[in-house]
Number of protein chains: 2
Amino acid sequence: MSIAPKTVREQVTNQIRDELVAGRFEAGTMLRETELANRFGVSRGPVRDAFIQLSYEGYLAYHANRGVTVRHPPNPENRKFITSLRQQIETHAVERGLAKATDDEIDNIEAALDRLKAACDSGDTTAIALQDIEFHETIMIGCGAEDLVSAWRQLCSRMLLTYSRLGDYHQAYREHVKIFDSVKARSIEATIEALKANIK
Amino acid sequence: MSIAPKTVREQVTNQIRDELVAGRFEAGTMLRETELANRFGVSRGPVRDAFIQLSYEGYLAYHANRGVTVRHPPNPENRKFITSLRQQIETHAVERGLAKATDDEIDNIEAALDRLKAACDSGDTTAIALQDIEFHETIMIGCGAEDLVSAWRQLCSRMLLTYSRLGDYHQAYREHVKIFDSVKARSIEATIEALKANIK
DNA sequence: CGCCTGTTAATTGTTAACATGGTAATGTGA
DNA sequence: TCACATTACCATGTTAACAATTAACAGGCG
């Protein structure tokens with residue numbers, strides 16, 4: 001269920017997010033509604049909506065009457081702390097909800113894993129970063145933790161601004177396979193173990 | 001620095017947020033752009049912007065082409081977990097940044113405390129809830145943790161949907177005085193202690 | 001009788017024009 | 001030459017009209 005973006009706003013939002021994660025804009029850069037609207041061939045409305053949304057996803061900073069700027073990635077110390085919070089949230093979700101996950105939801109997670117594999121095979125680091133996070137999100141939703149997803153996403157998003165596990169992303173993929181296998185086996189302990197090995 | 005809402009969007013956003021925290025809308029209720037736009041005497045644009053923003057603050061859930069609904073407050077088990085995360089974030093902010101807080105920032109925190117006092121004196125529980133959270137936010141910003149504020153806010157927001165420390169809000173106020181005194185004395189340990197006593 | 005399909009009313013999605021505000025360049029005075 | 005006020009430009013803020021989508025309902029078919 002790779003959400004097919006239907007509305008113009010979603011397409012614009014996704015496109016800008018992709019470019020942000022790809023590092024196309026330097027941190028601190030001011031983004032202009034008109035410029036992006038022209039580039040995408042749409043009006044300023046959806047671009048505006050996208051700016052508000054991406055601000056609250058953590059990628060952009062909003063300044064009234066002055067537009068948005070690209071946020072700086074978190075500093076190393078905060079990164080460590082954020083990673084710890086992320087582990088706690090995903091662990092909590094698995095502990096509380098893995099047992100209740102339906103087969104349908106397991107299928108969704110497997111589909112997310114497939115998309116991650118495709119991204120890894122293509123070598124497109126931006127796609128890998130986004131699919132990586134989406135895989136984890138699918139697990140959380142499968143565990144019935146939609147409640148925590150938005151806060152969790154806030155924490156992860158900006159980490160992506162310097163996503164660079166590029167070293168060996170096939171290793172990263174293998175870690176995710178391991179996570180999925182544990183999920184499929186409905187083993188809470190093994191899943192948490194695998195998650196901890198992956199989130200770092 | 002009680003942010004004076006300048007744009008229509010900010011006013012609309014604040015107004016809707018107030019009503020949400022006040023419990024004016026039942027959880028699951030669908031909010032209509034036109035209705036609110038008429039009530040506030042503005043066009044649908046700013047209301048739309050407010051919906052997107054409040055969705056990402058955690059109060060509303062967005063459904064493409066079908067508008068927004070009021071989110072349900074977190075269940076008791078998640079509440080406990082969220083409270084723990086909140087404590088960790090505020091503690092982390094204080095540990096890393098209290099020493100570097102400038103006198104100006106201490107003044108801002110004191111101003112926030114004054115506004116909380118005014119709210120308590122008035123007995124307006126909605127205002128108390130919002131000033132409570134704003135006081136904590138001001139501390140985090142004072143400690144240079146803007147980086148973590150948006151995720152932190154996501155966690156707190158929905159808790160407000162059932163803010164009910166109403167029992168004795170003068171006790172709550174005293175707790176905040178204690179926090180401020182520790183902050184002013186730049187005592188990291190005492191501040192963390194006071195925060196832990198307050199966040200529960 | 002139940003299900004499917006076409007229509008309709010209502011709501012959100014999008015657009016382009018207009019209003020407002022901020023920034024930076026320009027010119028004036030000391 | 002520098003400080004400061006003025007002004008012009010450009011970007012965002014807001015609006016209202018128009019387009020697209022949805023869900024509900026009515027009619028017809030199996």
Side-chain angles (χ1 to χ4, degrees), chain A residues 1-20 24-71 146 150, chain B residues 1-20 24-71 146 150:
Chain A
M1 73 176 229
S2 173
I3 309 106
K6 299 172 76 172
T7 69
V8 174
R9 174 171 79 230
E10 282 171 22
Q11 292 177 52
V12 170
T13 305
N14 290 339
Q15 179 65 29
I16 298 176
R17 189 192 296 109
D18 282 358
E19 297 190 11
L20 284 165
R24 168 163 182 162
F25 306 108
E26 203 171 340
T29 304
M30 181 153 277
L31 263 40
R32 300 222 167 64
E33 295 179 359
T34 314
E35 183 188 330
L36 288 169
N38 289 339
R39 181 145 73 83
F40 297 143
V42 300
S43 74
R44 281 171 45 221
V47 175
R48 212 180 146 65
D49 292 348
F51 280 3
I52 298 177
Q53 177 153 341
L54 290 170
S55 297
Y56 275 81
E57 281 186 30
Y59 293 104
L60 302 175
Y62 202 96
H63 313 277
N65 284 314
R66 295 197 299 134
V68 296
T69 53
V70 180
R71 289 185 72 181
E146 309 82 355
S150 47
Chain B
M1 71 170 229
S2 172
I3 309 107
K6 299 171 75 172
T7 69
V8 174
R9 174 170 78 230
E10 282 171 21
Q11 292 177 51
V12 170
T13 305
N14 290 340
Q15 179 66 29
I16 298 176
R17 189 192 294 110
D18 282 359
E19 298 190 11
L20 285 165
R24 168 164 183 161
F25 307 109
E26 203 171 340
T29 304
M30 181 153 278
L31 264 39
R32 300 228 166 62
E33 295 179 359
T34 313
E35 183 188 329
L36 287 168
N38 289 340
R39 181 144 74 83
F40 297 143
V42 301
S43 74
R44 279 172 47 221
V47 175
R48 218 181 140 65
D49 292 348
F51 280 3
I52 298 176
Q53 177 152 343
L54 289 171
S55 298
Y56 275 82
E57 282 187 29
Y59 294 103
L60 302 175
Y62 202 96
H63 312 278
N65 284 312
R66 295 195 299 134
V68 295
T69 53
V70 179
R71 289 185 71 182
E146 308 83 356
S150 47

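Naming convention: chains lettered A, B, ... in sequence-line order (proteins, then strands); numbering from 1 in each chain. Just so it is clear, the structure is predicted and the values come from calculations on it, not from any experiment.
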Residue pair A:Gly58 / A:Arg71: nearest heavy atoms and the distance that separates them: O-CD, 3.1 Å

If you look at every strand shown and take non-hydrogen atoms under 4.0 Å, does B:Arg9 touch a base, only sugar-phosphate, or nothing? sugar-phosphate

Mind checking the CD1-OG1 spacing from B:Ile52 to A:Thr13? Nearest 0.5 Å is all I need. 8.0 Å

Within this structure, what is the CG-CZ distance for the pair A:Asn14 and A:Arg9, rounded to the nearest 0.5 Å? 11.0 Å

For atom NE2 of A:His63 and atom P of D:dA11, their distance in whole Å: 16 Å

Between C:dT14 atom C1' and B:Asp49 atom CG, what is the distance in whole Å? 13 Å

Quick one: pull up CG in A:Asp49 and CZ in B:Phe51 and give me the separation to the nearest 0.5 Å. 12.5 Å

I need the A:Glu26 CD to A:Thr69 OG1 distance, nearest 0.5 Å. 12.5 Å

For B:Tyr62, report the nucleic acid contact type (base, sugar-phosphate, nothing); a contact means any heavy atom under 4.0 Å. sugar-phosphate

Starting at atom CZ of A:Phe40, determine the distance to atom C1' of C:dT15, rounded to an integer number of angstrom. 17 Å

Taking every non-hydrogen atom, the tightest pair across B:Ile16 and B:Ala50: CD1-CB, 4.3 Å

For a quick test of your reading: what N or O donor-acceptor pairs under 3.5 Å do the side chains of residues 33-42 of chain A make, sequence neighbours left out?
from	atom 1	to	atom 2	distance (Å)
A:Glu33	OE1	A:Arg44	NE	3.0
A:Glu33	OE1	A:Arg44	NH2	3.1
A:Glu33	OE2	A:Arg48	NH1	3.1
A:Asn38	ND2	A:Thr34	O	3.3
A:Arg39	NH1	A:Glu19	OE2	3.2
A:Arg39	NH2	A:Glu19	OE1	2.9

Contacts under 3.5 Å, N or O only, protein and nucleotides 16-23 of chain D:
from	atom 1	to	atom 2	distance (Å)
D:dT21	O3'	B:Asn65	ND2	3.4
D:dT22	OP1	A:Lys6	NZ	3.4
D:dA23	OP1	B:Arg66	NE	3.1

For the pair made of CZ in A:Arg48 and C1' in C:dT20, what is the distance, rounded to whole Å? 12 Å

Atom-to-atom span, CD of A:Glu33 to C1' of D:dG13 - whole angstrom: 8 Å

Enumerate the protein-to-nucleotides 8-10 of chain C contacts in which both atoms are nitrogen or oxygen and the separation is below 3.5 Å.
none

Looking only at non-hydrogen atoms, find the nearest pair between B:Pro46 and B:Val12 and report the distance. O-CG1, 4.4 Å

